[in-house]
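Hydrogens, waters and symmetry mates are skipped; everything else that's a heavy atom, side chains included, is used.
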Amino acid sequence: MTKTFYITTAIDYVNGQPHLGHAYEKVVTDVISRARRSLGQPVFFLTGLDEHGQKVQQAAVAEGKTPQAYCDDLASDWIAFTKTLQLTNQDFVRTSQPRHKAVVQAILAKLHREGHFYQSEYRGFYSARQETFLTEKDRRPDGTFDPMYGEVTELVENNYYFRLGAHQQWLIDHIEANPDFIKPAYRRNEVLGFLKNNTLEDLCITRPAARLSWGIPLPFDPDYVTYVWFDALVNYITVPAALGDPLLAAALPELKLPSVEKPQSLWPADIHVIGKDILKFHAVYWPIMLKAIGLPLPGQILAHGWWQKDGEKISKSTGNIIDPIAVINDWGLDAFRFYVTRELDIGPDGNWTDAGFASRYGAELANGLGNLVNRSLSMLKRYRGGVVPSQNDELAAGTAEAVCKIAGHWDKSELQDALTTTWSVVKRANEYIEQTAPFKLAKDPAQAARLDEVLYNLTETCRILAVLIQPFLPQTSLRIMAQLNLPGQADQLAEAKWGGIPPGHVVGDPLPLFPRRDQPPVTKA
RNA sequence: GCCAGAGUAGCUCAGGGGUAGAGCAGAGGACUCAUAAGCCUUUGGUCGCAGGUUCAAUUCCUGCCUCUGGCACCA
């Protein structure tokens, strides 16, 4: 059984509708997934929802629904969202699913048995109205709590804790020995700085069921549900476990899930794509949990940044928001996928501007790629009736060099660099048209052979571009293939080898891929 | 406060001890296959401030200023 490349997004908390940040993380993960598949690797891409917790319980009650029904309703929106983005995820995990509950409980039982947990008192200030403990940070400057919390009382609560203390040094060693474990490097430095300058406190992993019923009960103490860490993070191994992953079967022998015909080997995850806000959970708690369970650590934690809009924080209260679905409806899915991966490198924060979106659409998609394909096919149609001439390799070497570079970028999840390099192929082809001037050659019958050569190079470049953009712009890739009248998905980088389009083949009719747009984009809901 | 990182052309950024670079935006030009797209040429910068090392600093060092990120519950 060969191991499948396993990549995940964070699971999103179901307390509303998906926004730009969610869309971004999912698109990035999807592009990496598609690129890996194109490189010839089997890939399993997982995304999903985090459904337990106080907020969901409260929201459900407020709507007069059971928490499960409330989650089911929202889950259908989130699943629809994966379709809108044309994600190629193989599964969609929900933490309220029985398979997830089974895995969480098996892990809790094992760690409890092996002495990783202990009970202890938690003393704190509790707001009955908000049903939450408050911290010193919640105090106002005068030492009182905001009236929104209602009456605040000091409360003592027993809970279970997970011992973290013994794990600090090996984790530091692991991060230092594996430079790619946390990317980008400056995030890695932050985690190392934190681990070296702080002593890890044990982690509170439960809430009393009396206070929070919407959660997974501890298998060894039904008065408690587990809280956040052993619920949400475990989603990453739920699906491998459910698919019969041999490492998980060995680590959790008592786990009882329906047997599968063809077990898949997924764990360890190759990449967890997450937002920078949850880096500590993934780079500190999660590895320690895995080590305690007896499982290998993921290969990489890839932390992306956040989007701003016009240089300011995106916030619902100021109305400074971007609705990804509105943008997609207006500009098309590929334009959206292109903008977020081309504009922002994975890691830093980015700045969404409508003008920037329109500018990239116009310059790079419409005038760059779109116009190249259109003018190339138009000339082939006009001068040769759409019949591909015999093969010529004038642009072969340059293209091959770019393809090789792009393969390297794909392999390292360097999406922005991959796009830049891909567009260098577009640029080169446009220059080639100016240099060879096929429209002049066409006027001179003596130049017919030269015109054939040029037209072949252009048509073949268009075909290769369909392969190179496929992970990013899947719809456009298919449309180029359709205009070339070629079968297939252009979803294997191996197809980017020069000489793939057969001489004598008749291409279809050219149509603008990205129509010119003069209106600013609609980004508000 | 502490720990990182950054301050370079109008914008986004790359670079790096010895005549400052790219893309976009701006200006000019020749062309016409194409979505009036594309191509060529080109205007922009005392490389945050002040010192120091050096024959030579934007590049190394020190200090300062400004900004950003992190310092455990927001994609």
Next item on the list: Taking atom C1' in both B:rC3 and B:rA72, compute the distance separating them and give it to the nearest angstrom.
Entry: 15 Å

Notebook entry, point to check: Nearest-Å distance, CG (A:Asp452) to P (B:rC33)?
Noted result: 18 Å

Check: A:Asn430 near the nucleic acid: base, sugar-phosphate alone, or nothing, with a heavy-atom cut-off under 4.0 Å?
Finding: sugar-phosphate

Notebook entry, point to check: A:Met379 has a side chain; which of B:rC33, B:rU35, B:rC74 sits nearest to it?
Noted result: B:rC33

Next item on the list: Enter syn or anti for the glycosidic conformation of B:rG45, syn applying to angles within 90° of 0.
Entry: anti

Checklist line | 5' precedence on RNA chain B between A:Ser376 and A:Tyr227 (nearest-nucleotide basis) | finding: A:Ser376

Check: In terms of the nearest nucleotide of RNA chain B, which residue is placed more toward the 5' end: A:Leu203 or A:Pro512?
Finding: A:Pro512

Notebook entry, point to check: Contact class for A:Lys427 (heavy atom, under 4.0 Å): base, sugar-phosphate, or nothing?
Noted result: sugar-phosphate

Check: In whole angstrom, what separates A:Asn457's CG from B:rC33's P?
Finding: 20 Å

Margin query: For a quick check of understanding: with a heavy-atom distance under 4.0 Å over all strands, which category does A:Phe281 fall into, base, sugar-phosphate or nothing?
Written below: sugar-phosphate

Checklist line | Residues, nucleotides or ligands: over 12 heavy atoms within 6.0 Å of A:Glu431 CD | finding: yes

Notebook entry, point to check: Looking only at atom P, what distance separates B:rA14 and B:rG51, rounded to whole Å?
Noted result: 28 Å

Notebook entry, point to check: With distance as the sole criterion, is a donor-acceptor pair present between the side chains of A:Gln308 and A:Asp349 under 3.5 Å?
Noted result: no

Check: Under the 3.5 Å rule, do the base of B:rA34 and the side chain of A:Asn371 count as making a donor-acceptor pair?
Finding: yes

Note to self: Using a 4.0 Å heavy-atom cut-off, does A:Arg360 contact any base of the nucleic acid, only the sugar-phosphate backbone, or nothing at all?
What the structure shows: nothing

Note to self: What is the distance, to the nearest angstrom, from the CD atom on A:Glu431 to the P atom on B:rC40?
What the structure shows: 5 Å

Check: Given the C1' atoms of B:rA36 and B:rC74, what is the spacing between them in whole Å?
Finding: 47 Å

Next item on the list: May I ask you to decide if the ring planes of A:Trp78 and A:Phe81 are parallel, tilted or perpendicular, using 30° and 60° as cut-offs?
Entry: perpendicular

Margin query: Between B:rU32 and B:rU68, how far apart are the two C1' atoms, rounded to whole Å?
Written below: 48 Å

Next item on the list: Tell me what A:Tyr13 touches on the nucleic acid: a base, only sugar-phosphate, or nothing, going by heavy atoms under 4.0 Å.
Entry: nothing

Next item on the list: Report the nucleotide, chosen from B:rA72, B:rG38, B:rU32, that has the shortest atom-to-atom distance to any side-chain atom of A:Leu200.
Entry: B:rA72

Checklist line | Separation of atom NZ in A:Lys280 from atom P in B:rG69, rounded to whole Å | finding: 14 Å

Margin query: Would you say CD of A:Glu201 has more than 12 non-hydrogen atoms from neighbouring residues, nucleotides or ligands within 6.0 angstrom?
Written below: no

Note to self: B:rA4, OP1 or OP2 - any side-chain N/O from A:Arg188 closer than 4.0 Å?
What the structure shows: no

Next item on the list: Mind telling me whether A:Phe281 and A:Trp229 have parallel, tilted or perpendicular rings, with 30° and 60° as the class edges?
Entry: tilted

Note to self: When both hydrogen-bonding distances must be under 3.5 Å and the geometry is Watson-Crick or G-U wobble, what is B:rG5 paired with, if anything?
What the structure shows: B:rC67

Next item on the list: Quote, to the nearest angstrom, the P distance that separates B:rC47 from B:rC31.
Entry: 42 Å

Check: Using purine N1 to pyrimidine N3 plus N6-O4 or O6-N4 for Watson-Crick, or N1-O2 and O6-N3 for G-U wobble, both under 3.5 Å, which nucleotide pairs with B:rG44?
Finding: none

Margin query: Base, sugar-phosphate or nothing for A:Tyr361? Non-hydrogen atoms, less than 4.0 Å.
Written below: nothing

Check: B:rC61 and B:rA25: how far apart are their P atoms, nearest whole angstrom?
Finding: 37 Å

Next item on the list: Respond yes when some side-chain nitrogen or oxygen of A:Arg516 is under 4.0 Å from OP1 or OP2 of B:rA37, and no when none is.
Entry: yes

Check: Which nucleotide, B:rU32, B:rG38, B:rG70, lies nearest any side-chain atom of A:Lys440?
Finding: B:rU32

Check: Do the ring planes of A:Phe338 and A:Trp423 sit parallel (below 30°), tilted (30 to 60°) or perpendicular (above 60°)?
Finding: tilted

Checklist line | Rounded distance in Å between the C1' positions of B:rU54 and B:rU62 | finding: 16 Å

Notebook entry, point to check: Would you say A:Lys280 has more than 12 foreign heavy atoms packed within less than 6.0 Å of its NZ?
Noted result: yes

Check: Between B:rU35, B:rA75, B:rU32, which nucleotide gets closest to the side-chain atoms of A:Lys443?
Finding: B:rU32

Next item on the list: Using a 4.0 Å heavy-atom cut-off across all strands, classify A:Pro438 as base, sugar-phosphate, or nothing.
Entry: nothing

Next item on the list: Would you mind pulling out the nucleotide paired to B:rA56, Watson-Crick or G-U wobble, both distances under 3.5 Å?
Entry: none

Next item on the list: Sticking with atom P, work out how far B:rC65 lies from B:rC49, rounded to a whole angstrom.
Entry: 15 Å

Margin query: What's A:Leu279 touching, base or sugar-phosphate or nothing? Going by heavy atoms closer than 4.0 Å.
Written below: nothing

Next item on the list: Under 4.0 Å between any heavy atoms, over every strand shown, what does A:Ala10 touch: base, sugar-phosphate, or nothing? Just pick one.
Entry: nothing

Checklist line | Residues, nucleotides or ligands: over 12 heavy atoms within 6.0 Å of A:Lys381 NZ | finding: yes

Notebook entry, point to check: So what's B:rA30 paired with, Watson-Crick or G-U wobble, going by both distances under 3.5 Å?
Noted result: none

Check: CH2 of A:Trp423 versus P of B:rC24: gap in Å, rounded?
Finding: 14 Å

Checklist line | Counterpart base for B:rC73, defined by Watson-Crick or G-U wobble contacts under 3.5 Å | finding: none

Check: Within the structure shown, what part of the strands sits under 4.0 Å from A:Tyr24 by heavy-atom distance: base, sugar-phosphate, or nothing?
Finding: nothing

Checklist line | A:Asp173 side chain to A:Gln169 side chain, donor-acceptor N/O pair below 3.5 angstrom | finding: yes

Notebook entry, point to check: Across the strands shown, which category fits A:Leu377 at heavy-atom distances under 4.0 angstrom: base, sugar-phosphate, nothing?
Noted result: nothing

Next item on the list: Tell me, with the steps shown, if A:Phe230 and A:Leu108 meet side-chain contact (heavy atoms from CB on, under 4.5 Å).
Entry: CA-CA 8 Å; A:Phe230 278 94; A:Leu108 290 169; 3.9 Å; yes

Notebook entry, point to check: When the distance from CG of A:Asp349 to C1' of B:rA6 is rounded to whole Å, what number comes out?
Noted result: 14 Å

Notebook entry, point to check: Could you give the NE2-to-C1' distance, from A:His22 to B:rA75, as a whole number of Å?
Noted result: 5 Å

Next item on the list: State which of B:rA75, B:rC33, B:rG70 makes the closest approach to the side chain of A:His304.
Entry: B:rA75

Notebook entry, point to check: Taking a pair as Watson-Crick or G-U wobble with both distances under 3.5 Å, which nucleotide is matched to B:rG23?
Noted result: B:rC11

Checklist line | Phosphate OP1/OP2 of B:rG38: any A:Asn367 side-chain N/O under 4.0 Å | finding: yes

Check: For the pair made of NE2 in A:His272 and P in B:rA75, what is the distance, rounded to whole Å?
Finding: 17 Å

Next item on the list: With heavy atoms under 4.0 Å as the rule, sort A:Gly21 into base, sugar-phosphate or nothing.
Entry: base

Note to self: Just to be sure I understand the rule, does A:Gly193 reach a base, reach only the sugar-phosphate, or reach nothing, if contact means heavy atoms closer than 4.0 Å?
What the structure shows: nothing

Margin query: At 4.0 Å (heavy atoms only), tell me whether A:Thr436 reaches a base, stays on the sugar-phosphate, or touches nothing.
Written below: nothing

Checklist line | Nucleotide nearest A:Ser378 when distance is taken to its side chain, options B:rC33, B:rU35, B:rA75 | finding: B:rC33

